[in-house]
Amino acid sequence: FQLLTGRPDITDPLVFTTTFTHNNVFYKAALAETISWEGQSIGTYDVLLQSQTGTKRFTLVKRRGQWKAGEEVEQIGIVQQELADLLGEVIRQVRAA
């Protein structure tokens, strides 16, 4: 994963990119922790996921200890649970860094 700069010269662990291959498909993902209008973290992540089959925009929500794709209107297609699990593992590693 690669952390992005949130403010000038400050690396922000809440915004990052990652690439990975799953089932012989190469993916690029950008993740940003969702922040409320009051500036508080709400525990979900907005995700932009790209592959040769297209681009998906969805929210990762942690339910009963497992990351799942949200059910918002902007979601195009179905996100496989295996992909949500992989992205959840990246989130765990970023949080531990």
Side-chain angles (χ1 to χ4, degrees):
F1 62 87
Q2 177 181 352
L3 299 177
L4 303 179
T5 302
R7 288 171 266 177
D9 303 323
I10 297 174
T11 302
D12 187 350
L14 305 179
V15 180
F16 57 94
T17 62
T18 189
T19 59
F20 59 93
T21 301
H22 177 67
N23 290 338
N24 295 322
V25 177
F26 178 72
Y27 292 92
K28 297 184 292 182
L31 293 90
E33 188 169 20
T34 309
I35 305 297
S36 72
W37 287 106
E38 295 79 29
Q40 303 299 314
S41 169
I42 60 173
T44 64
Y45 281 82
D46 289 320
V47 179
L48 184 64
L49 183 66
Q50 294 181 318
S51 72
Q52 72 251 21
T53 60
T55 300
K56 294 180 176 138
R57 186 250 169 244
F58 57 95
T59 301
L60 276 178
V61 179
K62 198 167 195 176
R63 294 186 187 133
R64 297 184 203 112
Q66 185 176 30
W67 289 98
K68 305 248 183 213
E71 299 175 2
E72 63 275 275
V73 173
E74 296 88 354
Q75 184 173 331
I76 301 169
I78 303 294
V79 176
Q80 297 174 353
Q81 183 57 49
E82 294 170 347
L83 293 176
D85 292 340
L86 286 169
L87 293 170
E89 177 60 21
V90 173
I91 292 169
R92 188 191 67 73
Q93 290 181 20
V94 168
R95 287 266 181 221

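For reference, positions follow the sequence shown, starting with 1.
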Item to check | Single hit among Val90, Leu86, Val47, Leu60 for side-chain contact (heavy atoms from CB on, under 4.5 Å) with Trp67 | outcome: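 It is Leu60; the other options fail the test.
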Item to check | side-chain contact (heavy atoms from CB on, under 4.5 Å) between Gln80 and Asn23, intermediate numbers included | outcome: CA-CA 11 Å; Gln80 297 174 353; Asn23 290 338; 4.2 Å; yes
State, yes or no, whether a side-chain contact exists between [X] and [Y] at a heavy-atom distance under 4.5 Å.
| X | Y | result |
| --- | --- | --- |
| Lys56 | Leu48 | no |
| Arg57 | Asp46 | yes |
| Tyr27 | His22 | yes |

Checklist entry - Please walk me through it: do Lys68 and Lys62 pass side-chain contact (heavy atoms from CB on, under 4.5 Å)? => result CA-CA 6 Å; Lys68 305 248 183 213; Lys62 198 167 195 176; over 6 Å; no
Checklist entry - Under 4.5 Å between side-chain heavy atoms, hopping through other hydrophobics if needed: is there a path connecting Phe16 to Val61? => result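 Cluster IDs for Phe16 and Val61 differ.
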Next on the checklist: Quick check: is Val25 connected to Phe20 through a chain of hydrophobic side chains (ILVMFWY, heavy atoms under 4.5 Å apart)?
Outcome noted: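 Both belong to a single hydrophobic cluster.
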Item to check | Backbone N/O of Thr44 and side chain of Thr34: donor-acceptor pair under 3.5 Å | outcome: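 Between the backbone of Thr44 and the side chain of Thr34 there is a qualifying donor-acceptor contact (under 3.5 Å).
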Checklist entry - To the nearest 0.5 Å, what is the distance between CZ (Phe58) and CG (Leu49)? => result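 CG of Leu49 is found 5.0 Å from CZ of Phe58.
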Item to check | Rounded distance [0.5 Å steps], CD in Gln52 versus CG in Asn24 | outcome: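 The CG atom of Asn24 is 9.5 Å from CD of Gln52, to the nearest 0.5 Å.
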Checklist entry - Taking all non-hydrogen atoms of both residues, which atom of Ala69 and which atom of Ala84 are closest, and how far apart? => result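 Nearest heavy atoms, Ala69 then Ala84: N-CB, 4.5 Å.
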